[in-house]
Structure formats: structure tokens, C-alpha cells
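Accompanying notes for the structure given below.
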Amino acid sequence: MQALNDQISIMKGKYFYLIHVQYLGFRFHGWAKQPGIKTVHHMIDRTLKYVLGKETPFKTLGSSRTDAMVSANHSVFELFVNDPLELDSFMVDVNANLPADIRVLEIETIDETFNVIQSPKVKEYQYLFTYGEKPHPFCASIVACFPWKLDIERMKEGAEVFQGSHNFQKYCTKPNENTVFNRTIDSSYIAENELYSASFFPEKSFIFFISGKGFMRHQIRLMMGQLVQLGRGNISLDQLKASIQNPDEKPLETIAPASGLILNRINFD
């Protein structure tokens, strides 16, 4: 009963914090907690329980559920506690106890009017990829490699097709009856990678940049899959356009690997 009362108290909240984080998703089964599986949210909550103390009730609420092996250059979650925190020392303690592939970037104080899920926001994603010869294994955590020759210029044309408001029914896996297929893509383009570098990176790599207010399950990876099919010459630009203008219920089969996808930033209005 006391544990239930603590949860109710935390949900009402006394002190509210927005915590900005980044993580390498390669060894995690996504953000959301799952029984017996290592996830980012699980590791964060376990660390907070240690830093705050086992007897201190708290609750966390994430803003975005990334898939298994997907990384985040910037994501956020809310922390609800009953007592105020000394933010500088708390941030040091949390980072000292988090695993090396998760890092807190910033902690800010918010109030009860803010909701990390319902507040208007834009999510920026990047999909980092190369093609041809298999690159150094160290690239595996963030760079997807496609073994075929790809027409990058054609893929650039295809990426621009996604921009604007369209019906993305074919670009969602396992939708439910309430899924909204009409989505607006604020920006969508491919450019040569000038953001990420390492001595073991391939000579050339590319980034699919995409942003919007919300994406469905596997939507971006399915979009990238179609761009790869376009780059291989397996579909035409007209077929790509038709997939979002007059979609049928037949799901797309080509989904790009998760490891190339990065949640780059969440911008709140």
C-alpha cells in the first residue's frame, strides 16, 4: 500500500526535471522497458535508483521510444521526485554511474504544465549509411552498409518525394486501429556525411536527414529501405511517389537495418 501511495504522490509530483541524454543503442533492445531485457530506460532507472537511494520514490517518462540498436544523439525524459535536487552534483553522480554508452547532457527544472509526450515537438533523425565494400567492423554500431552499387543522385531525388504531407500507410509495421497514417515530413534529403568521422570510416558515407512531428513504428527504416530499392534500380521514382499518394494495405518488405538510425534531436515548441 505504501508503494502505491508513493507512486500516486510521484505522479502528482512536487519537483519536475527534464533530463537530456544521448546513447549508443547498439547493445540495447530499444528505449522502452521490457521484462528480462536490457533497454536504455531500464539502465537509466536502475542508475537513478542507486544515485537517489533505494528508499527514494521517483518516476521517469521518456519522450521517444527508439527501436533496438537505434542510437540517440539527443533525447529527453522527465524525472518526477518529491524532494529538490542539487542539479550539478546530481548530474555528476548520474554520469559516473551510468554505463559508458549512455550520457546525461543537461538537466533543467520544469513545472507541472510541461508534458514530455504531449508537448508539441519536432524530431530530427539521421540515417548514416555507405555502400559497396564492407567497412571496418568498428563502423557496425552506427553505419549501415548496403553491399550493392547505389545511385545516390537518384536516391536524393527520392528523399525529396517524402517531404510534405502524405499517406504513409505502407510505411508502418503492425499498425493498430487508431494509427494515423497521414503524416507531415518537414524536411527529407540525402547528403554526403560531413558530421561523423573516424580513421576506420569508409572513404565515403552518406546521411538521410529527416524531421517531422511524429513517426510510426519502423517508418524511417522503411523509407530508407525504399530509397535503397530506388538506388538499386528495383523501383522507379513514380512507384515511390505512388506508395504515398495511393497506398494499398500491402506492407513494404524492405526495411533498413536499425544500427544506421540516429535520433539526432528533439526540439520542443
Side-chain angles (χ1 to χ4, degrees), residues 25-26 29-32 64-72 122-132 134 140-191 193 205-264:
F26 196 62
H29 290 266
W31 166 268
S64 184
R65 292 190 172 194
T66 49
D67 294 333
M69 301 178 72
V70 174
S71 298
V122 172
K123 296 179 181 179
E124 300 175 2
Y125 281 90
Q126 300 169 352
Y127 194 97
L128 183 59
F129 70 99
T130 187
Y131 68 89
K134 190 173 185 178
S141 61
I142 60 169
V143 184
C145 178
F146 301 100
W148 316 283
K149 169 66 177 176
L150 297 178
D151 185 337
I152 297 297
E153 293 306 313
R154 198 178 197 193
M155 292 173 67
K156 288 180 179 179
E157 289 184 68
E160 292 179 359
V161 167
F162 290 129
Q163 192 161 308
S165 298
H166 307 286
N167 186 323
F168 286 95
Q169 182 174 359
K170 294 179 71 67
Y171 293 82
C172 177
T173 58
K174 298 180 180 179
N176 60 50
E177 59 183 14
N178 297 317
T179 300
V180 177
F181 297 116
N182 291 311
R183 304 281 171 139
T184 299
I185 305 299
D186 295 329
S187 65
S188 175
Y189 64 95
I190 290 175
N193 170 34
S205 56
F206 304 87
I207 301 176
F208 173 36
F209 295 88
I210 186 166
S211 65
K213 290 188 176 181
F215 297 92
M216 297 175 290
R217 178 175 171 81
H218 295 160
Q219 180 180 344
I220 297 175
R221 291 170 59 195
L222 286 164
M223 293 167 74
M224 185 65 206
Q226 289 304 101
L227 292 177
V228 170
Q229 291 288 65
L230 181 68
R232 293 179 65 188
N234 291 340
I235 64 171
S236 67
L237 200 60
D238 285 341
Q239 287 175 302
L240 183 68
K241 291 176 181 178
S243 72
I244 55 176
Q245 291 172 347
N246 301 293
D248 54 41
E249 295 183 0
K250 184 180 179 181
L252 295 169
E253 296 180 354
T254 305
I255 182 168
S259 55
L261 186 57
I262 300 169
L263 173 58
N264 185 54

Query raised in the report: How long is the gap from CD1 on Ile210 to CG on Asp186, to the nearest 0.5 Å?
Result: 9.5 Å
Report task. Nearest 0.5 Å please: distance from the CE atom of Met223 over to the CG atom of Leu252. Result -> 11.0 Å
Query - Considering all heavy atoms, the nearest Gly132-Cys145 contact - result: O-SG, 3.9 Å
Report task. Please check if the side chain of Glu160 supplies one atom and the backbone of Glu157 the other of a donor-acceptor pair under 3.5 Å. Result -> no
Query - Partner set under ring pair (Phe, Tyr, Trp, His ring centres under 6.0 Å) for Tyr171, not counting sequence neighbours - result: Phe162, Phe168
Query - Check: Gln219 and Cys172 side chains under 4.5 Å, non-hydrogen atoms - result: no
Query - Student check: side-chain heavy atoms of Pro175 and Met216 closer than 4.5 Å - result: no
Query - Aromatic contact, Phe208 with Phe129 (centres under 6.0 Å) - result: no
Query raised in the report: When you look at Trp148 and Val228, which way does the side-chain contact (heavy atoms from CB on, under 4.5 Å) test go after all the steps?
Result: CA-CA 9 Å; Trp148 316 283; Val228 170; 3.9 Å; yes
Requested in this report: Would you mind reporting whether Leu222 and Thr254 have side-chain heavy atoms less than 4.5 Å apart?
Outcome: no
Query raised in the report: To the nearest 0.5 Å, how far apart are CG in Leu230 and CG in Leu150?
Result: 10.0 Å
Query raised in the report: Where do Ala159 and Ser188 come nearest, in terms of heavy atoms and distance?
Result: O-OG, 2.6 Å
Report task. Check whether any side-chain heavy atom of Phe206 sits under 4.5 Å from a side-chain heavy atom of Asn193, and report yes or no. Result -> no
Query raised in the report: Under a 4.5 Å cut-off applied to non-hydrogen side-chain atoms, are Leu237 and Arg154 in contact?
Result: no
Requested in this report: Taking all non-hydrogen atoms of both residues into account, name the closest pair between Gly225 and Ala256 and its distance.
Outcome: N-CB, 4.1 Å
Query raised in the report: Can a donor-acceptor pair be found between the side chains of Ser165 and Thr184 at a distance below 3.5 Å?
Result: yes
Report task. Check Leu261, Leu263, Ile255, Val70 against Ile220 for a side-chain contact (heavy atoms from CB on, under 4.5 Å) and give me the one that passes. Result -> Leu261
Query - Shortest non-hydrogen separation from Ala144 to Tyr127 and the atoms involved - result: CB-OH, 3.2 Å
Report task. For residues Ile190 and Phe209, determine if any side-chain heavy atom of one lies less than 4.5 Å from a side-chain heavy atom of the other. Result -> no
Query raised in the report: Can you name the nearest heavy-atom pair linking Ser64 to Lys123, along with the distance?
Result: OG-NZ, 3.4 Å
Query - Side-chain touch Leu128/Ser205, heavy atoms, less than 4.5 angstrom - result: yes
Report task. For Phe181, enumerate each residue passing the ring pair (Phe, Tyr, Trp, His ring centres under 6.0 Å) test, keeping only those at least two apart in sequence or located in another chain. Result -> none
Requested in this report: Please examine the side chains of Lys149 and Tyr131, heavy atoms only from C-beta on, and report whether any two atoms are closer than 4.5 Å.
Outcome: yes
Report task. Would you please test Ile244 and Asn167 for side-chain contact (heavy atoms from CB on, under 4.5 Å) and show each step? Result -> CA-CA 5 Å; Ile244 55 176; Asn167 186 323; 5.9 Å; no
Query raised in the report: Between the main-chain N or O of Val161 and the side-chain N or O of His166, is there a donor-acceptor pair closer than 3.5 Å?
Result: yes
**Report entry** Separation between CD of Gln229 and OG of Ser243, rounded to the nearest 0.5 Å
**Finding:** 11.5 Å
Report summary line: All heavy atoms of Gly25 vs all of Ser71, minimum pair found to be N-OG, 2.9 Å
Report task. Check the pair Phe215, Ile185 against side-chain contact (heavy atoms from CB on, under 4.5 Å), reporting the backbone distance first and the verdict last. Result -> CA-CA 9 Å; Phe215 297 92; Ile185 305 299; 3.6 Å; yes
Query - Summary of ring-ring contact (aromatic ring centres under 6.0 Å, His included) pairs that have at least one residue in residues 241-260, sequence neighbours excluded - result: none
Requested in this report: Please assess Met155 against Arg232 for the test side-chain contact (heavy atoms from CB on, under 4.5 Å), listing each intermediate value before the final yes or no.
Outcome: CA-CA 9 Å; Met155 292 173 67; Arg232 293 179 65 188; over 6 Å; no
Report summary line: Separation between CD (Gln126) and CD1 (Ile262), nearest 0.5 Å, reads 5.5 Å
